S.K.: 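For reference, the structure I am asking about is given below.
Note that this is a predicted model, so its numbers are computed, not measured. For ligands, and for the atoms within them, numbers begin at 1 and follow the listed sequence.
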Amino acid sequence: MTPHAGLKLAVAGKGGVGKTSLTAWLGDHLASRGYDVWLVDADTSLSLGAACGLAPGDIPQPLATREDLVRSRIGSGLMSLTPLVDDLPGELSVRLPRPPGYGERRLLVMGAVDAAGGGCACAANALLKAVLSHMVLGCREAVLVDLEAGVEHLGRGTVEHVDGLVVVSEPSLRSLRTAAEVGRLAEGLGLSRRVLALNRCASARPELPDLPGLPKLAAVIPPLAGLCERQLTDGSVLGLDEAPGIASACGAILDALSP
Ligand SMILES: Nc1ncnc2c1ncn2[C@@H]1O[C@H](COP(=O)(O)OP(=O)(O)OP(=O)(O)O)[C@@H](O)[C@H]1O
Ligand SMILES: [Mg+2]
């Protein structure tokens, strides 16, 4: 991967294709290369923390529940995410365990503002956009956003503030059609760095249908027996026997997104 000043990536695609898993894998890969990584869970199902191996009690409080606080920080003109988040009460972001040689991985959970709290999904999305647009990254820092499934969030402009989009799909026409639609919408929003990651794909060189908008294939991740076996008892997708193959897929994705 070519070193460049910061990296803000979002991970999108149809429901259940592996977006959260790939976000966790990319975060692990970048941290293993010494990057400090912000993992941003922008999905309402809040599963990125579990995928990264956190126990339910260690998942931070969603920022959306403290919108007043975050808005007041952003409103004061802070331009670095580090003071923004480090300053917030500890429960709003958590650091993942840091193996020797790894960069720091911090998890931010955006969450949804539920109707009972008097908010709406637009407020939560505005908050995500505000946080993303105010992140000024150093050269070995990265932000990875695990987006909600589907294409709706693209209409809300979330990807305006990222440098690259990883579109995840399974090798199925339905999920590839969603991937193509995500790709088309992202292109329309001017996001030129888009790649396709094919997950749970047994073939290393799959023949893909010709769908306008489908991003260029950057990596194929096979069905992982180790993950199937583990996921009944453990939410983490990290530390699998298949980790070396996953790391090379992550490297290929990041290379393909390099400017
Ligand atoms: N390559 C793989 N092999 C086997 N199982 C996988 C693979 N990739 C992901 N999974 C499993 O598939 C399930 C869905 O993955 P994941 O939660 O990452 O998808 P998602 O796109 O984030 O889903 P959602 O749209 O619900 O947020 C999880 O149980 C995950 O452990
Ligand atoms: Mg998910």
S.K.: Taking 4.0 Å as the limit for heavy-atom contacts, which would you say applies to Val168 with ligand 1: side chain only, backbone only, both, or neither?
M.R.: neither
S.K.: Which of these passes side chain to side chain contact (heavy atoms under 4.5 Å, CB included) with Leu144: Leu26, Leu48, Val162?
M.R.: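 Of Leu26, Leu48, Val162, side chain to side chain contact (heavy atoms under 4.5 Å, CB included) with Leu144 is met by Leu26 alone.
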S.K.: Give me the residue, atom name and distance of the protein heavy atom closest to atom 24 (P) of ligand 1.
M.R.: Gly16 N, 3.5 Å
S.K.: Is there a nitrogen or oxygen of Leu224 sitting under 3.5 Å from a nitrogen or oxygen of ligand 1?
M.R.: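 Between Leu224 and ligand 1, an N or O pair is found under 3.5 Å apart.
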S.K.: Quick check: closest heavy atoms across Leu211 and Arg177, and the distance to 0.1 Å?
M.R.: CD1-N, 3.9 Å
S.K.: Any nitrogen or oxygen of Ile221, main chain or side chain, under 3.5 Å from a nitrogen or oxygen of ligand 1?
M.R.: no
S.K.: Determine whether a donor-acceptor pair (N or O, by modelled atom type, separation under 3.5 Å) exists between the side chain of Glu242 and the backbone of Gly226.
M.R.: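 At least one qualifying donor-acceptor pair exists.
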S.K.: Is Ala51 close enough to touch ligand 1? Criterion: a residue heavy atom under 4.0 Å from a ligand atom.
M.R.: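 The answer is no, since Ala51 has no heavy atom less than 4.0 Å from ligand 1.
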S.K.: For Leu227, which part has a heavy atom under 4.0 Å from ligand 1: side chain, backbone, both, or neither?
M.R.: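 Under 4.0 Å from ligand 1, Leu227 contributes side-chain atoms alone.
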S.K.: Using a plain distance cutoff, I'd like to know if Asp146 has any nitrogen or oxygen under 3.5 Å from a nitrogen or oxygen of ligand 1.
M.R.: no
S.K.: Check each heavy atom of Lys19 against ligand 1 and say whether those closer than 4.0 Å belong to the side chain, the backbone, both or neither.
M.R.: both
S.K.: Show which atoms of ligand 1 fall inside a sub-4.0 Å distance from at least one heavy-atom site of Ala149.
M.R.: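 Contacts of ligand 1 toward Ala149, numbered from 1: 25 (O).
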S.K.: How far is atom 27 (O) of ligand 1 from the closest protein heavy atom, and which atom is that?
M.R.: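 The closest heavy atom on the protein side is Asp43 OD2, 3.2 Å.
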S.K.: Just to be sure I'm reading this right: ignoring hydrogens, which of Gly18, Cys228, Ala225, Ser175 gets closest to atom 19 (O) of ligand 1? Compare them by their nearest heavy atoms.
M.R.: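 It is Gly18 whose heavy atom sits nearest to atom 19 (O) of ligand 1.
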S.K.: Give the numbers and elements of all ligand 1 atoms closer than 4.0 Å to a heavy atom of Asn199.
M.R.: 1 (N), 2 (C), 7 (C), 8 (N), 9 (C)
S.K.: Can you establish whether the number of heavy atoms outside Glu229 located under 6.0 Å from its atom CD is more than 12?
M.R.: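 Counting neighbours around CD of Glu229, 12 or fewer heavy atoms of other residues, nucleotides or ligands fall under 6.0 Å, so no.
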S.K.: SG/Cys201 to CD1/Ile221 distance, rounded to the nearest 0.5 angstrom?
M.R.: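 Rounded to the nearest 0.5 Å, the SG-CD1 separation comes to 10.0 Å.
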S.K.: Rounded to the nearest 0.5 Å, what separation is found between the CG atom of Leu224 and the CZ atom of Arg230?
M.R.: 10.5 Å
S.K.: Which atoms form the tightest heavy-atom contact between Ala252 and Ala218, and what is the distance?
M.R.: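 For Ala252 and Ala218, the tightest heavy-atom pair comes out as CB-O, 3.5 Å.
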S.K.: Are any of the side-chain nitrogens in Lys19 or Asp43 under 4.0 Å away from the carboxylate oxygens of its partner?
M.R.: no
S.K.: Would you name the heavy atoms of Arg105 and Gly27 that are closest together and state the gap between them?
M.R.: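 What the structure gives for the nearest pair is CD-O, 3.8 Å.
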S.K.: Geometry only, no angles: is Ser47 polar-contacting ligand 1 at N/O separations under 3.5 Å?
M.R.: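 No, no N or O pair falls under 3.5 Å.
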S.K.: Give me the nearest non-hydrogen protein atom to atom 30 (C) of ligand 1 as residue plus atom name, then the distance to 0.1 Å.
M.R.: Gln231 OE1, 3.3 Å
S.K.: Please report the interatomic distance CZ(Arg33) to OH(Tyr102), rounded to the nearest 0.5 Å.
M.R.: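 Answer for the CZ-OH pair, Arg33 versus Tyr102, is 11.0 Å.
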S.K.: Any N/O/S atom of Ser21 sitting less than 2.8 Å from the Mg ion (ligand 2), backbone or side chain?
M.R.: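 No, Ser21 does not qualify, because none of its backbone or side-chain N, O or S atoms lies under 2.8 Å.
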S.K.: Report yes or no: does a heavy atom of Pro223 sit under 4.0 Å from some atom of ligand 1?
M.R.: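 Yes.
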S.K.: Could you tell me which non-hydrogen atom of Gly49 sits nearest to which non-hydrogen atom of Leu107, and how far apart they are?
M.R.: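 Where Gly49 meets Leu107 most closely, the heavy atoms are CA-CD2, 3.5 Å.
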S.K.: Which of the atoms of ligand 1 are close to Gly15, meaning less than 4.0 Å from one of its heavy atoms?
M.R.: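 Heavy-atom distances to Gly15 below 4.0 Å select 25 (O).
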S.K.: When you compare ligand 1 with Trp25, is there at least one nitrogen or oxygen pair between them that comes in under 3.5 angstrom?
M.R.: no
S.K.: Starting from atom 2 (C) of ligand 1, what is the nearest protein heavy atom, named by residue and atom, and what distance separates them?
M.R.: Arg200 CG, 3.5 Å
S.K.: Nearest to atom 17 (O) of ligand 1, what protein heavy atom do you find, and at what distance?
M.R.: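 Protein heavy atom with the smallest distance to atom 17 (O) of ligand 1: Thr20 CB, 4.0 Å.
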S.K.: Nearest 0.5 Å, please: how far is CD1 in Ile246 from CG in Leu22?
M.R.: 9.5 Å
S.K.: Among all protein heavy atoms, pick the one closest to atom 18 (O) of ligand 1 and tell me residue, atom and distance.
M.R.: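 Residue, atom and distance for the closest contact: Ser21 OG, 2.6 Å.
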S.K.: Among Leu39, Val145, Val166, Asp41, which residue satisfies the side chain to side chain contact (heavy atoms under 4.5 Å, CB included) criterion with Thr23?
M.R.: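 Only one of Leu39, Val145, Val166, Asp41 forms a side chain to side chain contact (heavy atoms under 4.5 Å, CB included) with Thr23, namely Leu39.
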S.K.: Below 3.5 angstrom, do we get any N/O pair linking Leu22 and ligand 1?
M.R.: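 Min N/O separation from ligand 1 is not below 3.5 Å for Leu22.
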